[in-house]
Amino acid sequence: MTAAMLSPIVDTATDVVLSVRDLQVSARSEQGLVPLVEGLSFDLHRGETLAIAGESGSGKSITSLACMGLLPAPAVRVTGGSIRFGETELTSLPEKKMQEMRGARIAMIFQEPMTALNPVMSIGRQLVEAIRAHETLSVAQARARALEALKAVRLSQPEKRLEQYPHELSGGMRQRVMIAMAIALRPAVLIADEPTTALDVTVQREVLDLLRDLQRDLGTAVILITHDMGVVAEMADRVIVMRKGRMVEAAPTIDLFDAPREQYTRDLLAAVPRIGTGASRPDLAKREVLVRYEDVSVNFPIRQGLLGRVAARVHAVEHVSLDIFRGETLSLVGESGCGKSTMAKALVGLVPHTGRIEINGQALGDLDAKGRKAIRRDLQIVFQDPMAALDARMTVGELIREPLVIHGIGTPAEQKARVRELLERVELSPSVYNRYPHQFSGGQRQRICIARALALKPKLIICDESVAALDVSIQAKVLDLLRDLQKESGVTYLFISHDMAVVENISDRVAVMYLGQIVEMGTRAQLFENPQHPYTKRLLEAVPVPDPRRERQATARLSGDIPSPVCKVGEEPQRVELVDIGGGHLVGR
């Protein structure tokens, strides 16, 4: 697809494509209107990237929804100010006219493509529907345009992707589909709301490179909403920092990083994890082994036909052996689908496995039901999405108390006292005991999950992407909390993450996984200061660096398709074979 085919339609009489003046957005409550955004003003120029940064609740996403005319009225609405696209005032535009504007002139990439895409419609049908809603094209013409858009976002096998459904694509592929849907209509303004937050570091790199290339080719103006200051440093020309609905500071990116004027901005930048700042820990080689994996494999059957016969198997984890030492933090890193979470699920007994897993010298396979229940007191897990992990019908106090009730620990009065103690330990007031999960922010909900995990005083806590979706300042507080708990109680962490900067700051040792196998493992210093495996090097090269003056080196891209972990019945999966070609070409399995 050429730039001419997708040239954005803009008013060439002015360089400003979007102008926001004294924007006021309010939510209706029993007490009256509650301000969500107050007095926000900015201009967006053709071809520039403006980043809006800040913590959750700062008004970033509300601003973007206001620009798109997608506020959930009448509960939330624009109560003052102006949003102008060229000469068109968007705040007073009738919905029918706004529908014509939305997508064709101003498009949006949402944070979670799986919820933005219709799960019962094929990718091609969704793209065709979006294109024909704005342009008078036949189905064949719209399908041709959709195919060209998928090619423009460098999606592999675009013809095949048109026929697939969202659940058949990876997270990175779905995000590329969202970008293709946005650019297919040649918008002048593209709003990217946390477009890479939940993506692996390598996929994030590809998406950021893609956005940069498209902007260069098409001249589209981009509003980038993010809490990742590394992404801001690499992508943005200017930055607006927001807090509690107000603009705290606005400046060119280099000026803001070099000399932030406001204390809040300085605190935000100080909270960003940076590779190279991790503290050294004592040698763990002589420590006691708490968990041992011996030749562990996990595979899942793929059934076909009316009788549901097993036709193939997904080899999620393949012949993994490793030790986790008491009191350490061992991190598992790698891209989605590499087997990280499956390793954790095998440990807590959520998926069947072959091989041997020992905890405190006891093999899980040798335990009866009573023994498994007893050992679960020593194992707890903190999931990535706290809202999904917490029962919305239970109060915070009931949620944290539940493990104590299940294991019959303490009297009701003692259990309630323990819950209040845990709430204070994770820096929440005991007064929230009777509140429900939906009444808390994302960071607070994650603290509730940590308090629940601590209730039984476990020996091992599995943190499965537990800080991935948190703002940098909240993320820093949660990581500090985890470190403090480890110092006080000697708890061991199995830390699963795709954020290499976070991993470097919290880990004692790191294991790198690729297609179900560990391809490199060592101490934090060994892996980050002298990585040996090309795949590890690729992961590190892809990490966004929070320094706008640093010129990023070109990341070596893997050539060819990633090998499939699926094997037909009777076939054995191949071991990963490394061939170092131009920076790392991974082939085989």
Side-chain angles (χ1 to χ4, degrees), residues 170 172 199-206 275 278 284-285 291-299 314-325 328-347 353-355 357 464-465 494-504 507-543 555-567 572-589:
S170 68
L199 300 181
D200 302 319
V201 65
T202 50
V203 179
Q204 174 183 256
R205 166 58 52 214
E206 292 172 358
I275 290 179
L284 294 162
V291 175
R292 171 162 288 166
Y293 288 79
E294 290 185 357
D295 196 34
V296 173
S297 296
V298 178
N299 59 70
V314 178
H315 292 263
V317 175
E318 195 67 20
H319 301 294
V320 168
S321 297
L322 65 84
D323 292 335
I324 304 175
F325 299 123
E328 78 163 334
T329 298
L330 173 70
S331 290
L332 280 177
V333 301
E335 295 172 294
S336 295
C338 70
K340 306 187 302 295
S341 294
T342 305
M343 287 271 291
K345 291 175 182 177
L347 178 58
H353 66 275
T354 59
I357 299 179
D464 190 358
E465 299 283 10
L494 176 60
F495 195 84
I496 297 170
S497 179
H498 64 257
D499 190 326
M500 298 299 284
V502 169
V503 166
E504 198 268 349
S507 305
D508 297 305
R509 290 188 303 138
V510 183
V512 181
M513 291 195 72
Y514 175 74
L515 283 175
Q517 299 173 56
I518 292 178
V519 294
E520 185 167 0
M521 183 165 59
T523 65
R524 179 202 60 79
Q526 288 171 338
L527 191 128
F528 281 88
E529 295 173 14
N530 188 28
Q532 298 298 307
H533 198 289
Y535 181 66
T536 307
K537 294 177 182 177
R538 179 176 182 258
L539 289 176
L540 294 174
E541 288 170 354
V543 177
T555 304
R557 295 181 178 176
L558 299 185
S559 58
D561 291 333
I562 295 177
S564 173
V566 178
C567 292
E572 286 295 324
Q574 295 177 317
R575 303 291 290 175
V576 169
E577 177 189 355
L578 263 172
V579 183
D580 192 357
I581 301 176
H585 179 187
L586 293 172
V587 298
R589 240 187 74 85

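Position 1 is the first residue of the sequence; numbering continues from there. Values in this document were obtained by computation on a predicted structure and should not be read as measured data.
Here the side chains of E520 and Y535 are not in contact, with every heavy-atom distance at 4.5 Å or above. Side-chain contact between K340 and E465 is present, with at least one heavy-atom pair separated by less than 4.5 Å. Taking the side chain as every heavy atom from C-beta outward, M521 and R509 approach each other to under 4.5 Å. Looking only at side-chain heavy atoms (C-beta outward), V320 and M343 come within less than 4.5 Å of each other.
Closest approach of M513 to I518, counting heavy atoms only: CG-CG1, 4.0 Å. Here the shortest heavy-atom pairing between T536 and P531 reads CG2-CB, 3.8 Å. The two residues D295 and S321 come nearest to each other via the heavy atoms N-OG, 2.8 Å. Closest approach of G339 to V317, counting heavy atoms only: O-CG2, 3.8 Å. The two residues H353 and V298 come nearest to each other via the heavy atoms CB-CG2, 3.8 Å. The shortest non-hydrogen separation linking D323 to R292 is OD1-NE, 2.7 Å.
A donor-acceptor pair under 3.5 Å is formed between the side chain of D508 and the backbone N or O of T329.
Residues passing the side chain to side chain donor-acceptor pair (under 3.5 Å) test with S497, sequence neighbours excluded: none. With sequence neighbours left out, the side chain to side chain donor-acceptor pair (under 3.5 Å) criterion links D499 to no other residue. Remark: S341 engages D464 in a side chain to side chain donor-acceptor pair (under 3.5 Å) (not counting sequence neighbours). Applying the side chain to side chain donor-acceptor pair (under 3.5 Å) criterion to E294, with sequence neighbours excluded, gives no partner residue. Under the side-chain contact (heavy atoms from CB on, under 4.5 Å) criterion, E529 pairs with R524, A525, sequence neighbours left out.
Here the rule is side-chain contact (heavy atoms from CB on, under 4.5 Å) with F495, and of V502, L330, L332 only V502 fits it.
L494 CG to L322 CG: the interatomic distance, rounded to the nearest 0.5 Å, is 8.0 Å.
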